[in-house]
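First the structure, in the form of structure tokens, and then the observations on it.
Just so you know, ligand 1 is whichever comes first in the structure, and atom 1 is the first atom listed for that ligand.
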Amino acid sequence: MTDSLEAKLPAASAFQKTIDGKKTDLYILKNSKGMEVAITNFGGRVVSILVPDKNGKLTDVVEGFDSVEGYKNAPGPYYGAIIGRYGNRIAKGKFPLEGKEYSLFINNSPNTLHGGKVGFDSKVWDAKQIDSTTLEITYLSKDMEEGYPGNLQAKVVYTLTNDNGLKIDYTATTDKTTIVNLTNHTYFNLNGANGGTILNHKAQIFADTYTPIDPTSIPTGVIAPVKGTPFDFTQPTVIGSRINDKDEQLINGKGYDHNFVLTKPSLDSPVATVVGDKSDIEMQVFTQEPGLQFYTGNFMNGQNAMKYGAKDNYRTAFAMETEHFPDSPNEPKFPSVVLKPGQVYKTSTEYKFSIAK
Ligand code: BGC
């Protein structure tokens, strides 16, 4: 973000529309530290996160749109969205479950990505603002919507803490055995939403292994050590320092677009930390999920007009999607994503902001 551009939340009126017969709006969370977050119930999308930088200047660290139409008209990058019913890819859009094979829409040829044709990212969720720091959104995904069995009742609670954390609590229940893998797809630029490349940010990911992918971004099934590869982020590392290496995995992902196997998923100690080189804003990620998809905006191509007059240029944002591993329904060795009637899917993730020491 340039100095003349002051970070501010988009106008709520630009989000007050009717989509699929349901009202959309912009919900604002504020904490005692002056941090502000804006979320729309269209796809449960995080629109803005305003945090102070090293000079105390309020900075919007989310790349996104300033109207609900922006999000609706550009579903592909999944800006800020809750992803479901299955976050990430399912090979060839097929999976077995209790002896039956299910077929999904192929929206990322030859695979299914982030739910299918119309995922949770493009549904209007029912929203209830609990108080100034808490927003609850719910969505009922009907039996066989997008080809997934069972009525899935999903709930996501966003809470802005007084430690400058945005906590995301997910729950879901089903009436038939199904698969579920929910995540959030916020695109961060810790230098600010108009801050240019993220390649000079420093990232640390507490993962000793990751899941290499084939050229269609489906895990090969191997859990590979990061040591000695460009995937070793166990020490703070400049994101761009190895991203263009002639490495088969970087070529397959067109950059970083891989699932890291978290060494110790936890809500108490971070699984990843990223620092913006210009702002010194540090983001810590905490999660109970076994995996973290680190995506460096390799498919961003500047075709969308974003907040602050920015374009969504190549690698001007990154995502850290906490989730189960891609294609888990077809990989019995990966942690299970099966949810049965009577069970409760329950998982939390937190993105916490501070100034790097
Ligand atoms: C995927 C990328 C994809 C991006 C936007 C990420 O979660 O891993 O391959 O391009 O989402 O759709």
What I want to check is whether the side chains of [X] and [Y] have a donor and an acceptor closer together than 3.5 Å.
X	Y	value
Lys340	Thr174	no
Asn31	Thr133	no
Glu321	Asn184	no
Asn259	Tyr210	no

Check for me whether the distance between the ring centres of Tyr187 and Phe318 falls short of 6.0 Å.
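No: the rings miss the under 6.0 Å criterion.
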When you look for protein heavy atoms under 4.0 Å from ligand 1, which residues do they belong to?
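Residues near ligand 1: Gly76, Pro77, Tyr78, Arg89, Leu113, His114, His185, Tyr187, Asp257, Gln293, Tyr295, Phe299, Glu321.
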With sequence neighbours left out, which residue pairs that include part of residues 235-247 fulfil the side-chain hydrogen bond (donor to acceptor under 3.5 Å, both in side chains) condition?
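Every side-chain hydrogen bond (donor to acceptor under 3.5 Å, both in side chains) pair that includes a residue of residues 235-247, provided the two are not neighbours, is Asn244-Arg315.
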